[in-house]
Structure formats: C-alpha cells, structure tokens
Amino acid sequence: MKEQRQVFHAGERRVQARAGVPEHYLEQVAPYVRDRLSEQHVAFFASLPVLFMGVPDSDGWPWAVVSFAPPGQLCDATPGELQVHARPALAELLELDFTPGTKVGVLGLDLATRRRNRLNGTLLFPDAVADIAPVGLRIGVDQSFGNCPQYIQQREINWASEQTKSIASREVALNDEVSRALLAQADTFFIATRAGELDDAAPNGVDVSHRGGRPGFLYMNADGSLSFPDFAGNRFFNTLGNIELDSRVSLLIPDFLTGEVMLLKGHARVDWNPQRAALVEGAERIVDVVPEQVLHVENALPAQGRLIERSPSLALTGDWPAPDESPVSVRRLRVIDKVRESDTITSFYLTPWPQAGQVRESAEIAAYQAGQFLTLRLASTPQHSLSSGEIAVMRSYSLSQAWRAGQSAYRISVRRDPEGLASRLLHDEFAVGDVLEATPPAGYFMLQDSPAPIVLLSSGVGITPMIAMLDALIQQADAGHPPLGEVVFVHAARNGRELAFLDTLERWSREHAWLQVHIALSRPSKADLVAGRHQSVGRLELASLAGSLPDLASSDVYLCGSEGFMRAQYAALMALGLPRERLHHEFFGLGSLEEGNTLAVALSADFQARLPEHAQVTFTPRGAPGQPVSSDADITRQWTPEQGNLLELAEQSGVNAMSSCRSGRCGSCALRLVEGQVQYPEPPQAAVAQGQVLLCCAYPAGEAPLVIQTL
C-alpha cells in the first residue's frame, strides 16, 4: 500500500472509494504508474506530431492547450525527460506559466491508431546546450502511464500543414450561434484539471485528459452550464480526483474540420446521483461545469481533419434526452450574498450562474409572483456533490422579496432548524460563491386581484411570503397605485431575537398610512419589553384584535406559519365570520387545515370510494432514446389504498424519486406516465404536463397496470 499512496493523491482515493473501486485493484494497477517513460513510451512520444497539454496560468488555473509540428520534429524523449520543441500556440493568449518548477500534464494521442499515453511532470530549467528555451520546454517525468483506446474517434489529420492564418480569438457567450454549432458536432474534448496543492509529491500535479462520446455528448443546460457523462474507464479517476480537491478546470473543444476551438474556463463538480446518470446510457455519473469565460479561437489547429471511424465503444453509450423529455426543469443558482435577518433566519441571494446567453451574471431574472417559492435541490456531501446511491435533499422555500424590473437575484429567507437537514446545509455549508440547483418559481399562493381589504397573518418563518406580498403592495403604492382598502400585517414570534424584517416593517408603516402592523411576541425578553417594538404579549388571539381588523366578511386573508399556528388561526377566522373562499394559505405537507394531517382523513370519502382495491405499478428506468430498457431493471409492485399515493409506493419500493412539498405544489416529483391512468384527490397546484404524473398526490385510477418511467 505504500506504493499506492505515492501513486494516487487524497482526492483520487476519495473518488475511487466512492465509486467502489476494490482495494486489490488499486494495488494491482499502482505499479503501472511509473516515474519514468518505458522504452515504448519514449519511442511513442518521439514520433508524435501533436501533444495535448495541461498548463497553469499565472494564477494557477489549468488550461488545456495543444502543440503540434511535423512528425519527428515536435519531441525528443528519454526515460526521465520529455523535450518539446514547440510551445502551445495559445500560450501567449492565456498567459501560461512556463517557470521552471511549474507542474504540467501531457497527453500523447495518435488519433489515427487510437494510442494514447499520459505524462505528468515538472518544467525543468532550460538546457543551454540544447538551446530549446526560447521556443521549447523541458519536462521532467513525475508519472507516466498508458490509457486504453476507449471513446477515441479515429481521425486523419495533417499536423505538418502550415498555418497560413494567424490565430484570432474573441470572448463569446455559450449560447451564441458559433458556440452552439461547435457543441452540437463535438465528439471529442480535452479537460485540464489540477490537484489542490502543486507540490513535490508526484501525484500532486496538473492533468489533461481526453473525453469522447456521441456528437453532442457535451450538453448545454438551460442555465448556460455544461454537462458531460462520465463513462466507464480505467478507474484511476485522475480528472475526478482533481476536481474533488480543486474545482478549477478548462475545456478545449476542437473542430478538427475547420481548425477552430472553443476554450472554456470554469468550475466543475461531480454529480453522483444515479438518477441523473441514468439520463445518458453508459454514464456512471455526470460532471457539470459552470463557465466563467468562453473563448472562440479560429485557426488554432490544422484544418481539414478527416473522420475515419467513430469509436466502437460508443455502441455502449447513449444521447442526452431531448429537453422536452426531462420531467423537471432544474437550473443552477449561485449564492451571491447571505444576510442574517434574525438569530434563526438568514436570507440567501441567488442568481442564475451564468445567465443563459451571458458570460458573466448581468441579466435580470424572469418575473415571478409574490408568494411563490423556489424548490432547491441540495447535496449533502463535500463540495455539494452527491455520493453514490444518495438522492438529493429537496426543500421548498418561499421567495421573500417581490420581483422588480432589473432584478438579478432571488431572495429566500430560511430558518435554521436544528433537526432540518436542508436548512442546516444552507446555513452551515453553503457560502457565497457556492452553486445549488433549483426548479423555477412556482405556487399559487399569491395576492388576488381584488379591491378588498387585506390581512397578512403569519408566524415564525411564515413571514417570508407575507413580506414579499407586502413588498409588492409597497411597489404598487410607490408607483401611484396604493391599495384601495387597508392592509393589516399581523405577525407572531417568540421574541425579538427571532423576529425578522422588523426594521423594514416599521419603516413601511411610517411611510404608508394604509398599512397597519401588529407584532405579537409570545415570550418577550426583558430587552424586548424595554424596546417596546411589539403590540401584544402572549399567544396571538385574533378575537382580541377584532376591533383592529377590517370587516372579515369582505376581506382577503393570507395565512402562513407553523402547522399548529395555522390550524388555530383557521378556527379563529372561521369563528369571526371569514368566508372560507376568502382565506388563502400556504400549507406544505399532507392533509388540510380543516382536518387532521393523516392521509386517510385528508382524502374525502367520495375519493376513497373511487380508489381501486389494487393495481399493478411498474417503475421502469429511462433508457437511451429509441432503445428499450432491460426488464430486469424494472420494479413492479402491487398497490393497495393502504400504501398511500404513488410517491409513498415508490419510496416503499426503493425507488429514488425527487420530492419536496409532498402536496402537489412544487412539481419536483413529476415523472413520465408511460402506461395507465391516474387520478388526484384535487387538482395539483403545480402544472402537470401531458403524459406526466405528479407522484406525491396521484393514485391509480383503476386496476389497469401503471408504468412510470423514473429518472
């Protein structure tokens, strides 16, 4: 095991363990990672007309670049050293660091024969006798090993052809016409990564790796990030191991026909969620790259490369599903600020990163309605990537700010629950600059277009949709359209230390005569009593406020808070004469305000009578487009009413299914309904596309078999 520790650094070992690589395998392959070039490798490198290299810039960012020359004129090799007589053509553009002692990665790749060998090394001082310093490089060998020919497309390229045109580069957006065309045809790219520390230890260097797949396997997401499938390989996990320690990467995406390349600088992460990997046949995991800079470079390679044959290994891989086949639209958001609103509540400002069509974050976000929420998809492992077999934590959080023109970020305000995994992740692990995933704003808890007086009634973190609604009313008033009736904002908290947005509420109430604010503290501190910034003490009793409230018979009341608070206020509002149709509420969970929170009570007697006695339900994984999935992968269960809805059946059956609200509001549990019919106790609030099923509130509509396609 001593040799293995020298061969693989800590990040590589972590990824190997997570991927289930046996210890005995690593012991067997470690001797093949040598500290010198073998005779075959010496001859191989000396014969090459092209080298793909990973070289850091002056800031330590690894860049994937290429050097080429006529065969026999590019390299001289000995067991301990590689002399390269032509520096990468992009060296000056990228301000690459060729200082002696710099770590570099080298990939020797003969596209015509599919041979490839790797060399990771350290730049040496120039040899005065060889006099290669002005244009060449001396690389001392730290590690050398061979790679199999998988996923290499066989090509014929005249690397000796003269470059008659000078290199021309420009910064571009990832979704412009040229970028999209390059990505659509790309069946090959090169990725440069680095270890967290670039020290004298042999494994701790810079790496450059070849990736191949079907054209379009490098996929542009709606949020402007890129994703690519990680297919089965040698299980060394050099690239993924580096990403584990340092997320900085670059991609070189060539067009061998035209000679142009796309250079992409960004941050990468590995998504180990098996549901997501199943989107592309043959993928074992998905790698996501969030761009920071994209360059389009013309005349970077000799043009007119000819494709001879695509890799036979591609027969075991598939394509990304079409965008309209994806059941849930998920985009990445970057944390750009965290603001503490109280002892327990923190606001998170989230912006799409990067904006679709933008190189930097600058464009405004799409409009949403005050009261809607975001459903976040969070990972609980280091660097926020998913471990093998683990499903993401999904939670819905109300947007705590009304949308305004030019707005570039969402705001959610989250209470840290000591028992809540998602809220602890957000508060304790997610920092400014980190990236999470979210579905678009959703929900039907929104202000009604009505001239009626308004009561906004909340407790605890239930203030978040209410402050957004009040923010929307303030905006309308500032634009010359104040509410036609009075607005009463009633909020209950334990004490002042747990009370968020008080300064804002007091400022708004001073500025607008139509707004009345009532704060109730159930357990005020001595400091609270001295400050006197509340209107009542003890548990909130609506009956005692009846004189301060508008006529409830003709008012709209919005209610949000803890389950116990909401049930108590619901009963009080009904006793005070509020018509049920004028109560609007946000209630995440099973059941309803009117009745208990168990499934049996939540379902009406009429709906229960419509349920079949049993039904066969099959959960089948998604296969490659146009290709059947082996029935061995199906999970078939007999459903009965006692097992609950289809989400509960899926969970009981060991099927990983995304979910959050569990009440038909967020839409995160939507899957494709391949066969059969379902029914809902009441229409879901989330939109359900034709051919989809919302698991959390769906039940079989009869005894005919159901087939549901999982992710």
Side-chain angles (χ1 to χ4, degrees), residues 50 52 63-66 68 89-90 93-94 111 151-158 161 163-192 210-229 249-266 268 279-280 286-311 314 317-326 331 352 354-360 363 625:
V50 59
F52 296 92
W63 286 93
V65 290
V66 58
F68 52 89
L90 301 172
L93 171 68
L94 302 175
L111 291 169
Y151 315 116
I152 299 175
Q153 329 297 355
Q154 190 177 20
R155 281 187 162 91
E156 182 181 75
I157 300 175
N158 182 10
S161 63
Q163 293 292 90
T164 58
K165 296 181 180 179
S166 59
I167 288 177
S169 70
R170 62 186 178 94
E171 191 163 351
V172 298
L174 198 58
N175 74 337
D176 71 12
E177 185 176 352
V178 172
S179 300
R180 287 183 178 275
L182 257 174
L183 291 174
Q185 62 83 36
D187 59 15
T188 299
F189 72 90
F190 301 87
I191 179 170
H210 162 278
R211 296 294 173 126
R214 296 171 182 265
F217 80 116
L218 190 54
Y219 183 79
M220 187 173 70
N221 300 295
D223 62 3
S225 63
L226 287 180
S227 298
F228 63 88
V249 303
S250 75
L251 276 59
L252 184 148
I253 307 163
D255 186 332
F256 291 110
L257 182 62
T258 65
E260 61 191 314
V261 302
M262 179 190 294
L263 286 170
L264 185 149
K265 170 187 177 182
L279 292 174
V280 182
I286 301 296
V287 181
D288 301 312
V289 181
V290 179
E292 288 199 356
Q293 184 181 26
V294 182
L295 298 174
H296 176 246
V297 185
E298 296 179 337
N299 310 317
L301 303 173
Q304 303 303 314
R306 183 172 69 90
L307 177 65
I308 300 173
E309 180 188 40
R310 297 204 189 276
S311 170
L314 300 187
T317 69
D319 300 304
W320 288 93
D324 58 358
E325 292 180 349
S326 181
R331 72 180 311 180
Q355 292 280 352
Q358 300 290 324
V359 179
R360 298 285 188 268

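Atom set for the values below is all heavy atoms of this structure, side chains included, hydrogens, waters and symmetry mates excluded.
Note that CG of Asp319 is 11.5 Å distant from OH of Tyr219, once rounded to the nearest 0.5 Å. Here the straight-line distance linking atom OG1 of Thr188 with atom CZ of Phe52 works out to 8.5 Å at 0.5 Å rounding. Separation of atoms CD1 (Ile152) and CG (Asp187) is listed at 11.5 Å; rounding is to 0.5 Å. One distance of note links CG of Leu263 with OG of Ser250; it measures 7.0 Å at 0.5 Å rounding.
With sequence neighbours excluded, no residue forms a side chain to side chain donor-acceptor pair (under 3.5 Å) with Asn158. Among residues two or more places apart in sequence or in another chain, the side-chain contact (heavy atoms from CB on, under 4.5 Å) test is passed with Ser169 by Leu93, Val297. Take Leu307 and apply the side-chain contact (heavy atoms from CB on, under 4.5 Å) test, not counting sequence neighbours, and it matches Gln153, Arg155, Arg310. Glu309 meets the side-chain contact (heavy atoms from CB on, under 4.5 Å) test with Arg114, Gln154; sequence neighbours excluded. When the ring pair (Phe, Tyr, Trp, His ring centres under 6.0 Å) test is applied to Phe189, the partners found at least two apart in sequence or on another chain are Phe217, Phe228. Applying the salt bridge (charged side-chain N to carboxylate O under 4.0 Å, His left out) criterion to Arg306, with sequence neighbours excluded, gives Glu156. Under the rule for a ring pair (Phe, Tyr, Trp, His ring centres under 6.0 Å), His296 has no partner lying at least two apart in sequence or in another chain. Listed by chain and residue number, nothing satisfies the side chain to side chain donor-acceptor pair (under 3.5 Å) test with Gln185 (two or more places apart in sequence, or in another chain). Annotation: ring pair (Phe, Tyr, Trp, His ring centres under 6.0 Å) contacts of Phe256 (sequence neighbours excluded): none.
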Could you go step by step and tell me if Trp63 and Leu251 meet the side chain to side chain contact (heavy atoms under 4.5 Å, CB included) rule? CA-CA 7 Å; Trp63 286 93; Leu251 276 59; over 6 Å; no
Apply side chain to side chain contact (heavy atoms under 4.5 Å, CB included) to residues Asp255 and Met262 and explain how you reach the verdict. CA-CA 8 Å; Asp255 186 332; Met262 179 190 294; over 6 Å; no
Apply side chain to side chain contact (heavy atoms under 4.5 Å, CB included) to residues Val280 and Thr317 and explain how you reach the verdict. CA-CA 7 Å; Val280 182; Thr317 69; 5.7 Å; no
Going through the distances and angles, do Val172 and Val178 end up as a side chain to side chain contact (heavy atoms under 4.5 Å, CB included)? CA-CA 9 Å; Val172 298; Val178 172; over 6 Å; no
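The aromatic rings of Phe190 and His210 sit perpendicular, their planes meeting at an angle over 60°, well past the 30° parallel limit.
Between the side chain of Ser227 and the main chain of Asp288, no donor-acceptor pair closer than 3.5 Å is present. Side chain of Ser311 to backbone of Tyr151: a donor-acceptor contact under 3.5 angstrom is found. Under a 3.5 Å cut-off, the side chain of Asn299 and the backbone N or O of Ser166 do form a donor-acceptor pair.
Two residues are said to be in side-chain contact when any heavy atoms from C-beta on lie closer than 4.5 Å; Arg180 and Asn175 meet this criterion. Two residues are said to be in side-chain contact when any heavy atoms from C-beta on lie closer than 4.5 Å; Ile253 and Val261 fail this criterion. Two residues are said to be in side-chain contact when any heavy atoms from C-beta on lie closer than 4.5 Å; Leu295 and Leu264 fail this criterion. Contact annotation: the side chain of Gln293 approaches that of Glu171 to within less than 4.5 Å [non-hydrogen atoms, C-beta and beyond]. Residues Leu183 and Leu226 have side chains in contact (heavy-atom distance under 4.5 Å, counting atoms from C-beta outward). Val289 places none of its side-chain heavy atoms less than 4.5 Å from the side chain of Ser225.
Between Ser179 and Ala173, the closest heavy-atom pair is OG-O, 2.9 Å.
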